[in-house]
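Please read the structure below before turning to the comments.
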Amino acid sequence: MSKKNGIESFSRRSFLRSAATFGAAALAAPALAQNASPLEALINDRSRGNWDDQFDAKAAARTAAAVLSNTPILGPDSVPNIQQAIAQYQSIVANGGWPQISPTSQQALQIGVTDPAVQSLRQHLMVSGDLPREAGISSSFDSYVDGAVKRFQARHGLPPDGVIGEFTLKAMNIPANVRLQQLNTNLVRLQTFPSDLGRRHVMVNIPATYVEAVQDGQVALRHEAIVGRQSRPTHIINSKIYEVILNPYWTAPRSIVVKDIVPLMRKDPTYLKRSNIRLIDGKGQEVAPETIDWNSDKAPDLMFRQDPGKTNAMASTKINFHNPNNEYMHDTPEQGLFNKLMRFDSSGCVRVQNVRDLTNWLLMDTPGWPRQHIEQVIASRVNTPITLATEVPVYFVYISAWSARDGIVQFRDDIYQLDGNAELALDTTQGMEQPVQ
């Protein structure tokens, strides 16, 4: 596909190939199909689901909230929903896909800018269903384009700021056939799940970095999450949550003791005390840090256990589920991490934003644990394990493309490079998105 600037960057020839073979009549009303070009027919197609119906140029559809759905990613409708999306993208691919976006000036493409590349941007957003047909083609980045870009960003898990930054441009310039491949890959994944996942269950979608608590077929809660980095990925697993621990102890893994804690103690002998970390020997007895030779070649063979409290690595809560990898979900004292563009920072465990809401939901069927009591126990800083009266199924999944019943198709960065195409790994793991200049 040509990458020339402006509207000429879109190859109209590619839209003309094999239109009849791929059923162009299904893409537009008969009268329209006789008079319109394939591009116009595709843009004016009213059988692309409810994409245009979901667009509100005045308000909510410009935000990420308008793209979110109460329909869970996993459920009885997951497969037919993504199959509908596949059919839509097959039509797009058959008619040439969408144009590449090539900014022509040094200024970032955002509201108020006039640039020939905005013509290609408008075409792209119309084909993808993010911009209404009535917005027309021009070089002006107006409020309609701003709303459409925000909608596109929200569908791709990017901050909906309306600016064509580095990662937004990368996501837009992934060809439609590659996105179709991504949908087909995720269809296979979704087909592996049973239709009955449990009346109440939790789903952790790793590439989307969020958690869904699902009840009676609807998303009751959705939480931002921090999952495993590429070198220490969170494992895909089906399990059951059996325990919530309020005010948990944190035991430092041996790798952290060797690589982090011992070097810190050599520089600052007060580090353990300031961090509320105690040394425990094999008999359960506490060992004074000052009795240890921190300059020894070998780290001490002791348990490094951090007391409950605000500085604890798991903060207020730990959520345990059966698994062989010693992974769990938990709170964190570093709430600012949830503001990162992409949240792949952990060593495999999953940090959950607003985890107390999830804790309250998990303990709904466990007598004696109303929200007020949970908060009282957390305030006491007393380590308190709670066994759930009924274990709750939990599914750690890798779904990088899906669609809900509203017809809004969502894509995420293939962070673990499992989708089979390097173009889908946008490398959105570093810092914040910067404007393209």
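- Contact annotation: the side chain of L125 never approaches that of R151 to less than 4.5 Å [non-hydrogen atoms, C-beta and beyond].
- S140 and D142 are not linked by any side-chain donor-acceptor pair at a separation below 3.5 angstrom, with hydrogens and angles left out of the test.
- Relative to the ring axis of W361, R200 places its NZ or CZ within 45° and under 6.0 Å from the centre.
- Checked by atom type and distance alone, the side chain of N323 pairs as donor or acceptor with a backbone atom of N326 at under 3.5 Å.
- The two atoms that bring N173 and I101 nearest to each other are OD1-N, 2.7 Å, heavy atoms only.
- Residues H156 and M172 have side chains not in contact (no heavy-atom distance under 4.5 Å, counting atoms from C-beta outward).
- S400 and D419 are linked by a side-chain donor-acceptor pair at a separation below 3.5 angstrom, with hydrogens and angles left out of the test.
- With no hydrogens or angles considered, a side-chain donor-acceptor pair links Y398 and D414 at under 3.5 Å.
- Going from atom OH of Y242 over to atom CG of N320 covers 4.0 Å, rounded to the nearest 0.5 Å.
- You'll find the side chain of Q306 reaches within 4.5 Å of the side chain of T311, heavy atoms only.
- The closest donor-acceptor contact from the side chain of D331 to the backbone of S316 lies under 3.5 Å.
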For this session: Give the C-alpha distance, both sets of side-chain angles, the deciding distance and a yes or no for side-chain contact (heavy atoms from CB on, under 4.5 Å) between F141 and L121.
Result: CA-CA 9 Å; F141 198 120; L121 176 62; 3.7 Å; yes

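- D115 and T104 share a donor-acceptor pair across their side chains, judged by distance under 3.5 Å alone.
- The two atoms that bring Y416 and R229 nearest to each other are CE2-O, 3.9 Å, heavy atoms only.
- Considering OG of S91 and CD1 of I86, their distance stands at 12.0 Å, rounded to 0.5 Å.
- Across every non-hydrogen atom of I374 and W369, the tightest pair is CD1-O, 3.8 Å.
- Between H223 and D357, some side-chain heavy-atom pair lies under the 4.5 Å cut-off.
- L197 has its side chain out of reach of V214: every pair of non-hydrogen atoms, C-beta onward, lies at least 4.5 Å apart.
- Each of V409, N205, V397, N186 was evaluated against W402; a single residue qualifies, N205, per the side chain to side chain contact (heavy atoms under 4.5 Å, CB included) test.
- In summary, the side chains of R122 and Q119 do not present any donor paired with an acceptor at a separation below 3.5 Å, with no hydrogens or angles considered.
- Atom CG of D216 is surrounded by more than 12 heavy atoms from other residues, nucleotides or ligands within 6.0 Å.
- Counting heavy atoms from C-beta on, the side chains of T209 and I226 never come closer than 4.5 Å.
- The backbone N or O of P385 sits nowhere less than 3.5 Å from a side-chain atom of E243 that would complete a donor-acceptor pair.
- Remark: N177 CG to Q181 CD distance equals 8.0 Å, nearest 0.5 Å.
- A donor-acceptor pair is defined here as one N or O able to donate and one able to accept, closer than 3.5 Å; such a pair exists between the side chain of S78 and the backbone of I73.
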